[in-house]
Amino acid sequence: MKDLGLYLHIPFCASKCAYCDFYSLPSSDLHERYVDSLCKSIEMISKRHKDALFTSIYVGGGTPSILDSALINKLLCSISENLSVSDDAELTMEANPATLSKEKLSVMRKGGVNRISLGCQSVHENELKRISRIHSFEDFCESFALSRNAGFDNISVDLMYGLPEQTLSSLLLSVDKISDLSPDHISLYGLRVEPDTPLGRDRHLVLPDEDIQCEMYSRACDLLRTKGYLRYEISNFAKDGKFSRHNMRYWEGKEYIGLGAAAHSYLDGVRYAYERDAAKYIRSLEDGELPLPCESSKIEKSDLLEEFIILSMRLEKGLDLSVLSEKFGSDAKSKLLERVRPYIPKFVKEKDGHISFTTEGFLVSSTILSELI
Ligand code: SF4
């Protein structure tokens with residue numbers, strides 16, 4: 001059977017965070033029709049991919065936990081009734097603390113969800129307000145406890161650095177308090193100010209300067225290490241090997257199907273995406289068709305090599321030089337080794353047949369990568 005991943009996009013949020021440019025609608029009366037459309041899409045792909053075995057499923061958004069219990073149940077039933085899902089599959093659902101309840105968590109557990117990803121971003125109320133998060137740290141702690149009590153033994157928490165009003169010590173306190181709760185996985189993302197967002201349009205925006213942001217990242221990595229979290233990807237840290245198997249699929253260039261407005265897929269050497277338009281997605285499924293992708297591109301061999309370098313170098317284990325030779329020939333390996341030489345040992349390590357970034361290298365990874373590809 002063919003090993004595949006599935007991504008389902010839920011494009012609804014209670015309100016829009018100031019930094020976010022993901023496709024999500026701040027309020028909507030489309031929940032039920034959208035979930036029905038996703039269920040129809042799942043039925044359709046089950047017929048098209050009869051030989052598929054899904055080993056990772058990720059329900060992301062938006063805010064999947066904004067759906068009511070009955071809709072969450074409908075969506076999860078559609079997955080289990082239509083798709084072959086491996087016994088040990090990872091099934092993650094993203095949740096925003098202000099939208100979780102005991103009842104929803106119980107429906108998720110019964111429906112096969114075995115990993116919850118909770119957005120926290122910061123433990124400080126001023127920082128949360130500044131980026132328009134709708135929850136407090138207290139709400140987060142409550143949701144975290146509810147999730148553990150519901151039986152989730154794999155919880156991931158998102159944190160951010162480089163936020164307005166954030167200082168090095170406030171970030172370290174966030175990392176400290178979150179790791180004290182002992183989630184199984186922590187993601188730590190640097191804020192990216194996208195132009196078409198309230199933060200991007202804020203002419204008075206003041207952010208920690210670049211040097212402070214570098215220090216924030218490296219000190220947070222050190223703290224996470226002392227708290228038992230292994231960095232396995234530039235922004236991701238796990239305890240007891242609980243890596244995000246679905247995200248590993250993206251970084252290892254494996255195939256997945258994305259369903260829903262704005263969802264991306266990678267299948268049979270082609271990357272494609274659906275339009276950022278939930279109403280259009282619904283109309284198409286109500287007419288009995290999956291929408292046509294709004295973008296689609298066949299990945300050429302040269303693009304595959306670039307992707308392989310960029311994605312492998314995000315990982316702590318780095319790029320496996322023997323796999324590089326096997327897939328792209330020994331010339332590709334010699335060229336890469338020649339280009340990477342000036343960055344060894346300060347920014348790049350070469351060890352056990354792999355090349356990988358040091359912490360200092362991760363801080364300037366995009367500059368170095370542009371020289372490597
Ligand atoms: S909850 Fe997540 S998806 Fe929704 S607006 Fe905030 S960051 Fe974006």
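Only heavy atoms go into these numbers, but all of them, side chains included; no hydrogens, no water, no symmetry mates. Position 1 is the first residue of the sequence, and the numbers go up from there. Every number for a ligand or one of its atoms is a count from 1 in the order of the listing.
- Remark: Glu125 CD is packed, more than 12 non-hydrogen atoms of other residues, nucleotides or ligands lying under 6.0 Å away.
- Among the atoms of Cys17, an N, O or S atom is found under 2.8 Å from atom 6 (Fe) of ligand 1.
- Applying the 4.0 Å criterion to heavy atoms of Asn96 picks out, from ligand 1, the atoms 1 (S).
- Near Thr63, with a cut-off below 4.0 Å to any heavy atom, the atoms of ligand 1 are 1 (S), 4 (Fe).
- The ring of Tyr250 has its center closer than 6.0 angstrom to the ring center of Tyr256.
- Distances from ligand 1 to the non-hydrogen atoms of Gly62 include at least one value under 4.0 Å.
- Heavy-atom contacts of Tyr19 reach the following atoms of ligand 1: 7 (S) (cutoff under 4.0 Å).
- Those atoms of ligand 1 that come under 4.0 Å of a heavy atom in Cys20, given as number and element, are 3 (S), 5 (S), 7 (S), 8 (Fe).
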Exercise. Does the pair Phe12 and Tyr34 meet the rule for a ring pair (Phe, Tyr, Trp, His ring centres under 6.0 Å), with working shown?
Worked result: CA-CA 10 Å; Phe12 309 117; Tyr34 186 80; 5.3 Å; yes

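- Between Glu165 and Glu127, the shortest heavy-atom distance links the atoms O-OE2, 3.8 Å.
- Between Tyr281 and Tyr274, the gap from one ring centroid to the other is short of 6.0 Å.
- Every atom of ligand 1 with a heavy atom of Arg133 under 4.0 Å away is listed here by number and element: 1 (S), 6 (Fe), 7 (S).
- Counting atoms of ligand 1 from 1 in the listed order, those under 4.0 Å from a heavy atom of Cys13 are 1 (S), 3 (S), 4 (Fe), 5 (S).
- Remark: Arg271 qualifies as a cation-pi partner of Tyr266 under the 6.0 Å distance and 45° angle criteria applied to the six-membered ring.
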